[in-house]
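Quick notes on the structure that follows.
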Amino acid sequence: MLTKSEFAERILNGHTPSIKEKATAFAPANIALIKYWGKRDSQLNLPVTDSLSIDLGNLGTETTVEPSGSDIVILNGNKLAPEDAFAVKVINFVDLFRNALNQAATNRPALTITTNNNIPTGAGVASSASGFAAMTMALDQFYGLGLAGRELSLLANLGSGSASRSIFTGFVYRHAGTDPDGMDSYSEPLPYTWPELKIGLITVSAKAKQVSSRDGMERTVATSPLYKKWPDQVKSDMAKMLDAIKAKDFELLGATAENNALAMHECMRAATPPLNYFEPETEAIICKVQELRKEGLPIYLTIDAGPNVKLLYLNKDEEKVKTEFPDMRVVNR
Ligand code: 2P0
C-alpha cells in the first residue's frame, strides 16, 4: 500500500518540470448519477465501487498558481491564515507535487494559490471536486508537465474522491479499480452527449454539513448492515445507467439515478448512529417530485451527502419544472 506521497511520486517521476510564470485552470463541479460512497483505502481515497457523474457546466472553480515569496492561499478573494484548515489542505496537496518534482531535481519555489468558486453560495453543490481538479490542472500547467487526463484524475483524487471526475466534462466514469496501489482507480469521459438532459439545483440549506463525507462513509461502511448490498446495487444500477445514456432513455436514467441516490441514503440511515443528511423540506421535495411524476411530468431527483436536491428533467419540460420549483437554479451546460 502506498502513501499519498509515494502515489504522487509514482505518477510524477520521469516528468521534467519546466516552470511557467503563471498558470490558470477551470474545472466544473459534478453531480454523480451513480454515487461513490465508501473507500477501499481511506489514505488514498480509493472507492469501493465505480461511479458515474455529469459535469455542472460553468459552475466550478478557477485556480491560479504563481511563484511568491512565501506560500499563500487566497480563497474567493480572502487571504487565508497559514493555519486555516483549508489552506493547510491546499499546501499539503501542492507539496505532493513539489516533493515529487524535487526528486526529479528542480528548484522549489513558494507559491501563491488563488482559487475562486463561482458556485453560488447556497447552491448546495460541493466545491471540493472542482477545487482539487482545478488545482491539479493548474499545477500541471504551472510545472509544464503535460500530464494525460488519466494521470490528472489519479492525482486530483488525492485531494478528494469526487475531484477525480471533475477533470473531465460530460458523462464521466470513475473506475474503483482493484490494484492495492490505486493506479487503476482513474476517471475517463464517456463518448456520449445528451444536450436535452437538464439539471436544476434546489437549495434547502446552505449550512455546512455536520458529518463530513469522509466520516459519513467510514461510519456507513463500518456499521450499516445495508452497506453489504451496496456494491451489488451499484453494479446493477451502473449497467442500467450506461444503457440509458447510450439509448437516451430519460425515464431509465432518471429512475436509476433517483433509486441509486435514495438507496445510498438508506444505507446511511441504517448506520450506527444513524446518518441522516435530509431536512424535512428535502422529504417534501421528494414527495412532490414523485407526485408530479404520477401526474405525468417526467422529472427525477438525486441527492448527495446533504439536504439539497438536484432535479433531472428534459429541456422540453423546463417551463413546467420551473413553475413547480420557482427557487430552482438551472445549470447551464
Ligand atoms: C459522489 N459524494 O459520488 C458522492 C455522493 C457525496 C455523495 O463524492 O472523502 O467530498 O474527499 O473522497 O469526494 C462526496 O465525497 O469525499 C462525494 P472524499 P468527497 O459525488
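Every number for a ligand or one of its atoms is a count from 1 in the order of the listing.
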* State whether the shortest distance between N or O atoms of A163 and N or O atoms of ligand 1 falls below 3.5 angstrom. => no

* Decide whether an N or O pair under 3.5 Å exists between Y36 and ligand 1. => yes

At under 4.0 Å between heavy atoms, which part of [X] makes contact with ligand 1: side chain, backbone, both or neither?
X    : answer
S162 : both
S160 : both
R165 : side chain

For ligand 1, which atoms, with element, lie under 4.0 Å from some heavy atom of [X]?
X    : answer
M217 : 15 (O), 16 (O)
A32  : 1 (C), 3 (O), 20 (O)
G161 : 11 (O), 12 (O), 13 (O), 18 (P)
S213 : 14 (C), 15 (O), 16 (O)

* Quick one: does S128 get a heavy atom under 4.0 Å from ligand 1? ->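 So S128 counts as touching ligand 1.
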
* State if A305 counts as touching ligand 1 under the rule of any non-hydrogen atom under 4.0 Å. => yes

For the residue pair [Y] / [X], report whether a side-chain donor-acceptor contact shorter than 3.5 Å exists.
X    : Y    : value
Q233 : D237 : yes
R174 : S185 : yes
K39  : Y36  : yes
E151 : Y186 : no

* To do: For atom 18 (P) of ligand 1, find the nearest protein heavy atom and state the residue, atom name and distance (0.1 Å precision).
  => K39 NZ, 3.2 Å

* N/O donor-acceptor pair under 3.5 Å between N117 side chain and S127 backbone -> no

* Donor-acceptor pair, side chain of T61 and main chain of A134, under 3.5 angstrom -> no

* Relative to each other, are the rings of H265 and Y277 parallel, tilted or perpendicular (30° and 60° limits)? ->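 Plane angle over 60°, so perpendicular.
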
* Asked: Which heavy-atom pair separates L197 from I54 by the least distance, and what is that distance?
  ->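 Scanning both residues completely, I find the closest heavy atoms to be CD2-CD1, 3.8 Å.
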
